Amino acid sequence: MTTRYRVEYQLIEWIKGLLAVPFVLHSQPTAVYQEHSENLIAVAADTHQRYAEIFRDVETLIRDHIKHEQDDAPGKSKLKLLVPSVGTFFTTLYLEDAFKYQDQQRFISRRRFVAPSFNDVRLILNSAQLFGLTRSTGVDLVTFDGDVTIYDDGACLTPDNPVIPRILRLLLQDRKVGIVTAAGYTEAGKYYERLKGLLDAMHDSDTLSDAQREGLVVMGGESNFLFRYDSASPARLTYVPRSEWMLEEMASWAEEDITQLLDIAESSLRACASNLNLPVAVLRKDRAVGVYPLDRKISREQLEETVLVVQNTVERSEVGSRLPFCAFNGGNDVFVDIGDKSWGVRACQQYFGGIERERTLHVGDQFLSAGANDFKARLASTTAWIASPRETVQLLDELEGL
Ligand code: IMP
Ligand code: MG
């Protein structure tokens, strides 16, 4: 996969490597203490101090990186030398405070056998981003991925889902909310099926004003179909014609190019499925083409191989250089969509009157290498990388606490 897909991944691995040094040197796995002894607590305090210093140093490097980008010297920062694939940060990341917060939650520095992990660092980065948003700018728009972020993979948003009251809370605070999902349907009814719990709760709420209800949109197919909340519609959503929300650059996406790109992607998917003997069917849509399993699950390696083959084939085609697209591994299927979530998030920002990148937060689960579709949102907004719907709920409560 291209290095772009590894940005977050490399930054996290690099920070993890920095933390491994004090862990190895200071944690004392072989020392025999009574648990909670004075000595154990003193060692943990010392380790905490050293981890905190590392996060403070990384925070300083990120501030310096931001400054270089503002001073029109992108690529010249020390951080860029250390982590060449690092991208743009839209706010300061308060890593030292975030570490202190997460250490209280996860007792990272009390551990003697397990070093600070990828997940520890990922969650610290999320907290640092929330501090960055609330201390320097404020959050006007929160966009959510669907599968794995607000409901389980392939599931629906049922009325008992604890994320529902949290999303209502955002709307009540006059914030805007977008569900930016790859799931691409042209009919509002299909989204009603997937999001029924939330849409019904919005409809039934006594506290939400009509204006606040209008703060919710659904962007389907990454950046292809926009629906706004509409109490009068039986599906509680109304399709918004493209002409009303399209970004200027999208106007140049010619229909013939879209068809041609999807044709290339489709034949590549078919060839790959035949080569790997995958038990899949091909699904061709208006703005997407994908393969999904007929009976048994497809292995991760086969899914990733398929993503890389199709991504590479389309990238090398002439139309692939004109038209943005997104090939990704959906967990048990592979899809190629026209556009990607950076366009989807930007379209939501524009729809709500031009909300800035540094006042937008995208929450998603797909930021890892080999075909991850939330990663592209990183170009359009700040992001939080969660691993389950439960983590999304925790993140929203953390935001509220700030
Ligand atoms: P997300 O996690 O909300 O972005 O949803 C991704 C999932 O939506 C994919 O894994 C597919 O199972 C499903 N899906 C349904 N229709 C489409 C489509 O048109 N493009 C991409 N994914 C789709
Ligand atoms: Mg997802």
Side-chain angles (χ1 to χ4, degrees), residues 1 3 5-31 33 35-36 40-41 43-59 61-62 79 82-87 89 93-132 145 148-149 152-153 300 304 329 331 363-370 372 374-375 378 382-399:
M1 184 57 61
T3 51
Y5 280 106
R6 295 190 180 272
V7 173
E8 298 285 3
Y9 188 32
Q10 284 184 348
L11 180 67
I12 293 179
E13 288 294 355
W14 176 70
I15 297 174
K16 204 179 113 183
L18 297 177
L19 298 167
V21 177
F23 176 76
V24 169
L25 296 179
H26 294 277
S27 75
Q28 301 192 12
T30 56
Y33 303 122
E35 294 298 320
H36 305 297
L40 192 62
I41 289 172
V43 171
D46 190 32
T47 310
H48 172 94
Q49 190 55 35
R50 283 164 199 275
Y51 290 163
E53 283 163 9
I54 288 176
F55 279 106
R56 188 188 314 148
D57 289 343
V58 177
E59 183 178 320
L61 284 172
I62 292 177
L79 184 64
L82 295 165
V83 189
S85 61
V86 79
F89 299 93
L93 295 186
Y94 292 90
L95 281 167
E96 186 182 0
D97 290 349
F99 163 70
K100 289 178 176 165
Y101 171 78
Q102 284 295 342
D103 203 28
Q104 279 168 9
Q105 310 293 313
R106 299 168 69 78
F107 300 95
I108 299 164
S109 51
R110 296 262 183 110
R111 298 200 308 243
R112 285 175 294 157
F113 290 90
V114 179
S117 68
F118 189 94
N119 275 334
D120 293 326
V121 179
R122 178 176 60 76
L123 291 168
I124 291 165
L125 279 168
N126 286 351
S127 296
Q129 184 57 76
L130 295 187
F131 281 126
D145 162 57
V148 184
T149 300
D152 290 331
D153 201 15
R300 181 183 59 81
E304 291 190 357
N329 164 2
V363 186
D365 67 295
Q366 286 219 347
F367 288 91
L368 209 51
S369 60
D374 291 303
F375 180 74
R378 184 75 178 75
T382 73
T383 52
W385 179 355
I386 54 76
S388 65
R390 198 172 54 90
E391 276 192 14
T392 303
V393 167
Q394 283 167 356
L395 182 95
L396 293 176
D397 287 346
E398 200 181 317
L399 176 66

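Just so it is clear, the structure is predicted and the values come from calculations on it, not from any experiment.
With values rounded to the nearest 0.5 angstrom, Ile12 atom CD1 is found 4.0 Å from Phe118 atom CZ. To the nearest 0.5 angstrom, Leu19 atom CG is 10.0 Å from Trp14 atom CH2. Summarising the geometry, atom CG belonging to Asp97 is positioned 12.5 Å from atom CG belonging to Leu130; distances are rounded to the nearest 0.5 Å. Distance check, rounded to the nearest 0.5 Å: CD1 of Ile386 to CG of Leu395 gives 8.5 Å. Gln129 CD to Thr382 OG1: the interatomic distance, rounded to the nearest 0.5 Å, is 4.0 Å. The CZ atom of Arg110 sits 5.5 Å away from the CD1 atom of Ile41 when rounded to the nearest 0.5 Å.
Residues meeting the side-chain contact (heavy atoms from CB on, under 4.5 Å) test with Ala98, sequence neighbours left out: Ile124, Ser127, Ala128, Phe131. Scanning for side chain to side chain donor-acceptor pair (under 3.5 Å) contacts around Ser109 gives Asp103, with sequence neighbours left out. Under the rule for a ring-ring contact (aromatic ring centres under 6.0 Å, His included), Tyr94 has no partner lying at least two apart in sequence or in another chain. Remark: Ala45 engages no residue in a side-chain contact (heavy atoms from CB on, under 4.5 Å) (not counting sequence neighbours). Evaluation of the side chain to side chain donor-acceptor pair (under 3.5 Å) rule for Glu96 yields Arg56, Lys100 as partners, not counting sequence neighbours. For Asp145, the salt bridge (Lys or Arg N to Asp or Glu O under 4.0 Å) partners two or more places apart in sequence, or in a different chain, are Lys341. Residues that satisfy the ring-ring contact (aromatic ring centres under 6.0 Å, His included) test with Phe89, not counting sequence neighbours, are His65. Residues passing the side chain to side chain donor-acceptor pair (under 3.5 Å) test with Asp120, sequence neighbours excluded: Arg106, Arg111, Ser117. When the side chain to side chain donor-acceptor pair (under 3.5 Å) test is applied to Arg300, the partners found at least two apart in sequence or on another chain are Glu304. Scanning for side-chain contact (heavy atoms from CB on, under 4.5 Å) contacts around Val393 gives Pro162, Val163, Arg166, Asp397, with sequence neighbours left out. Qualifying salt bridge (Lys or Arg N to Asp or Glu O under 4.0 Å) partners for Arg50, counting only residues two or more places apart in sequence or in other chains: Asp46.
Looking only at distances, no side-chain donor or acceptor of Thr383 sits under 3.5 Å from a matching main-chain atom of Arg378. Judged purely by atom type and a 3.5 angstrom limit, Gln366 uses its side chain to pair as donor or acceptor with the backbone of Asn329. The main-chain N or O of Asp365 is found under 3.5 Å from a side-chain atom of Asp374 such that the two form a donor-acceptor pair.
Taking 4.5 Å as the limit, every side-chain heavy atom of Val86 sits out of range of all side-chain heavy atoms of Gln10. Under the 4.5 Å side-chain criterion, counting only non-hydrogen atoms from C-beta, Val58 is in contact with Leu18. A 4.5 Å side-chain heavy-atom check between Asn119 and Arg122 finds at least one atom pair inside the cut-off. Taking the side chain as every heavy atom from C-beta outward, Glu13 and Val121 never approach each other to under 4.5 Å. Side-chain atoms of Ile54 and Pro22, non-hydrogen and from C-beta on, do get closer than 4.5 Å to each other.
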Given ring pair (Phe, Tyr, Trp, His ring centres under 6.0 Å), test Tyr9 with Trp385 step by step and report yes or no. CA-CA 11 Å; Tyr9 188 32; Trp385 179 355; 7.6 Å; no
Would Glu398 and Gln102 count as a side-chain contact (heavy atoms from CB on, under 4.5 Å) here? Give the steps. CA-CA 11 Å; Glu398 200 181 317; Gln102 284 295 342; 3.8 Å; yes
Derivation of the side-chain contact (heavy atoms from CB on, under 4.5 Å) call for Glu391 and Leu123: CA-CA 9 Å; Glu391 276 192 14; Leu123 291 168; 3.7 Å; yes
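The two residues Ala372 and Phe367 come nearest to each other via the heavy atoms CB-N, 3.8 Å. The two residues Asp152 and Pro389 come nearest to each other via the heavy atoms OD1-CG, 3.6 Å. In this structure, Thr149 and Val363 approach most closely via the heavy-atom pair CG2-O, 3.5 Å.
Each of Phe55, Phe23, Phe99 was scored for a ring-ring contact (aromatic ring centres under 6.0 Å, His included) with His48, with one residue passing: Phe99.
Residue pairs meeting the salt bridge (Lys or Arg N to Asp or Glu O under 4.0 Å) criterion with at least one member in residues 18-31, sequence neighbours excluded, do not occur.
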